[in-house]
Amino acid sequence: MSKNYETLGNLKPGSFIIIDGEPCRIVEISKAKTGKHGSAKANVVAISLFTGNKKTLVAPADSQVEVPIIDKRVGQIIADMGEQFQLMDMESFETFEVDKSSIEEDLRDKLRVGSEVEYWVVMGKRLIIRLR
């Protein structure tokens, strides 16, 4: 699995984090001041990249958290297989399938055979992000 470690207090909304083994985009982060009995706490609200579920994390702001390494690539849709799209990477010419359920609905309606898309490889899974 491709991941790095980052201090929780350094993350900002829009950055990525792994919560419960799932890569997520941070929507909101708030930090409580250090109190009489301990360190500053950070409260993170994030949305999963693959399922769209809301995840929360409360931890000390100086703790190390996992951050996914995102590989951004370009591909072309070569087939519509019902529940999946078959894509071909434009560099390596490798072909693979991506589930339509993981794609946002407004983007899914715009995708056609022959379209060039940007897709991300995150923790071994592929996700179509946008039309090029």
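Bear in mind that the values here come from a model prediction, so they are computed numbers and not experimental data.
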Checking side-chain polar atoms at under 3.5 Å, does E83 have a donor or acceptor matched by the opposite partner on S101?
no
Are any of the side-chain heavy atoms of L111 and I77 separated by less than 4.5 Å?
yes
Backbone N/O of S102 and side chain of D99: donor-acceptor pair under 3.5 Å:
no
Going through the checks in order, is the side-chain contact (heavy atoms from CB on, under 4.5 Å) test met by L57 and I17?
CA-CA 10 Å; L57 173 72; I17 188 172; 3.9 Å; yes
Kindly indicate, with the supporting measurements, whether the criterion side-chain contact (heavy atoms from CB on, under 4.5 Å) is fulfilled by L127 and V122.
CA-CA 8 Å; L127 177 70; V122 184; 5.7 Å; no
Write out all pairs satisfying salt bridge (charged side-chain N to carboxylate O under 4.0 Å, His left out) with one or both partners inside residues 108-121, taking only residues at least two apart or from two chains.
E118-R130
Find out whether I78 and V113 are in side-chain contact, i.e. whether some heavy atom of one side chain is under 4.5 Å from a heavy atom of the other.
no
Mind checking the CD-CD spacing from Q86 to E97? Nearest 0.5 Å is all I need.
5.0 Å
Under the rule for salt bridge (Lys or Arg N to Asp or Glu O under 4.0 Å), what residues qualify as partners of E6, not counting sequence neighbours?
none
Chi angles and distances behind the side-chain contact (heavy atoms from CB on, under 4.5 Å) call for V117, V74
CA-CA 6 Å; V117 294; V74 178; over 6 Å; no
Can you name the closest pair of heavy atoms from P13 and I29 and give their distance?
CD-CG2, 3.7 Å
Validation: residues 18-27 side-chain donor-acceptor distances under 3.5 Å, sequence neighbours left out:
| residue | atom | partner | partner atom | Å |
| --- | --- | --- | --- | --- |
| E22 | OE1 | S48 | OG | 2.4 |
| E22 | OE1 | T51 | OG1 | 3.2 |
| E22 | OE2 | K55 | NZ | 3.3 |

So does R126 pair up with E94, basic N to acidic O under 4.0 Å?
yes
Check step by step if side-chain contact (heavy atoms from CB on, under 4.5 Å) holds for V45 and K54.
CA-CA 7 Å; V45 178; K54 188 175 180 181; 3.5 Å; yes
Taking side-chain hydrogen bond (donor to acceptor under 3.5 Å, both in side chains) as the definition, give me every residue that meets it alongside D80, ordered by chain and number, with sequence neighbours left out.
K100
Nearest 0.5 angstrom please: L8 CG to K41 NZ, how far?
11.0 Å
Does any pair with a residue in residues 106-132 pass ring pair (Phe, Tyr, Trp, His ring centres under 6.0 Å), and if so which ones, sequence neighbours excluded?
F16-W120, F96-Y119
Do side-chain atoms of S63 reach the backbone of P60 as a donor and acceptor pair under 3.5 angstrom?
yes
Non-hydrogen side-chain atoms of L107 and I129 separated by less than 4.5 Å
no
Side-chain heavy-atom pair M123, K3 within 4.5 angstrom cut-off
no
Please name all residues satisfying ring-ring contact (aromatic ring centres under 6.0 Å, His included) with F50, sequence neighbours left out, ordered by chain then number.
none
Does any non-hydrogen side-chain atom of V67 lie less than 4.5 Å from one of Y5?
no
Validation row: V65, L11 side chains within 4.5 angstrom (heavy atoms)
yes
Indicate yes or no: at least one non-hydrogen side-chain atom of V98 is less than 4.5 angstrom from one of Q84.
no
Out of curiosity, Q76 CD to M90 CE, how far, rounded to the nearest 0.5 Å?
5.0 Å
